[in-house]
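Here is the structure we will look at.
Within every chain, numbering begins at 1; the chains are lettered A, B, ... in the order of the sequence lines, protein sequences first and strands thereafter. These numbers come from a predicted model, not from an experiment.
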Number of protein chains: 2
Amino acid sequence: MFLSQTAEYAIRAMSAIATLPPGELVRASDLVESTGIPPSYLSKILRRLVLAELLVSQKGKNGGFALSRPAGRIRFIEILYAVNAFPAEGRCAFGWGLCDSVKPCPLHGPWRRLKDRVQDWADNTTLAEVAEAAKFDQRVQLPTGKASGG
Amino acid sequence: MFLSQTAEYAIRAMSAIATLPPGELVRASDLVESTGIPPSYLSKILRRLVLAELLVSQKGKNGGFALSRPAGRIRFIEILYAVNAFPAEGRCAFGWGLCDSVKPCPLHGPWRRLKDRVQDWADNTTLAEVAEAAKFDQRVQLPTGKASGG
DNA sequence: TTTTCAATCGACCCCCCTATCTATTGAACC
DNA sequence: GGTTCAATAGATAGGGGGGTCGATTGAAAA
């Protein structure tokens, strides 16, 4: 696997929220059903997403979570950073001996290409695409409470 | 991080071996120095690489490890498979509800693109590139014992 | 055949990510 | 104000990848 379990969870949770009408609050317990993420762990992940200002939260009755901005303006890279799932700049992950731009290690090139590809993907993928796919594809279970009502 | 620690170690170890003259055996203890991988754990990883037939090993005095074939014919994807670091076919890693080609989950598209990119990278990167970089860049410590003895 | 060296093998430990549980805070509704 | 609901916070338990150890096998050299 490329991404950690937590990173996958974060993407899944954000995606589930993105399929809702903008601004609508969704409870963590509803997200549990639609995402299959362990309840208590989901809370922690949501917290991190709130701290990263990707989500806003509302306590108390009728509270819940919502995107902090339109889905099209939330890129996957931001989600990955929020859960610390993207390598910091300047570090060659293959870390073979000393390695900087002056004295690159023999694995610097391959690593660089991999990182660039993943980053490009994460930079250019937004939650809007997910929301679109879900809309287009209403076979998916949506956590809107009474989805079939209409 | 995209790749597990073990996957990184495997790539590093293979790369270190690839910088040696073809056919030359290198001891695990030498690889420890050049790669910085914990000794006892390196043995385990080398074992897996032997089982995957990416390396050949020789027991006893003057024994060691060597590539099973030319560096240019060992792709990174094979290394990743050897240490079980690449997702099996057919599984949507984001695993959001049911997901197959007929009923793709909303994250199927993004996931597919990511996987394709990583796979393309791993398919088209071989140890030859690493060996070239190391040759071109002799500032790197090579585990050849007496590298300076020319 | 003995010694030496180095890979192999099995068993085990440990840490951190993952996951859970139990309060507590705080907002809405009555 | 009191009740209810839901996010927040901290403390704590699993589990698996990462890491270690000791004994064994087997090949080369003496």
Close side-chain approach of [X] and [Y], heavy atoms under 4.5 Å:
X	Y	answer
Trp121(A)	Pro110(B)	yes
Arg69(A)	Leu54(A)	yes
Phe65(B)	Ile17(B)	yes
Arg73(A)	Thr126(A)	no

Atom [atom1] of [X] and atom [atom2] of [N]: how far apart are they, to the nearest Å?
X	N	atom1	atom2	result
Ile45(A)	dT8(D)	CD1	P	14 Å
Leu55(A)	dA6(D)	CG	P	17 Å
Arg48(A)	dG10(D)	CZ	P	14 Å
Leu42(A)	dA9(D)	CG	C1'	16 Å
Ile37(A)	dT20(C)	CD1	C1'	15 Å

Set out, line by line, the N/O atom pairs under 3.5 Å between protein and nucleotides 5-11 of chain C.
residue	atom	partner	partner atom	Å
dA6(C)	OP1	Arg27(B)	NH1	2.7
dA6(C)	O4'	Gly60(B)	O	3.2
dA7(C)	OP1	Ala28(B)	N	3.0
dT8(C)	OP1	Ser57(B)	OG	2.4
dC9(C)	OP2	Arg47(B)	NE	2.7
dC9(C)	OP2	Arg47(B)	NH1	2.3
dC9(C)	OP2	Arg47(B)	NH2	2.7

Contact under 4.0 Å: Tyr41(B) side-chain N or O vs dC21(D) OP1/OP2
no

Is the closest basic N to carboxylate O distance between Arg27(A) and Asp30(A) below 4.0 Å?
yes

Working for salt bridge (Lys or Arg N to Asp or Glu O under 4.0 Å), residues Glu129(A) and Arg113(B)
CA-CA 12 Å; Glu129(A) 176 181 341; Arg113(B) 286 206 309 281; 2.9 Å; yes

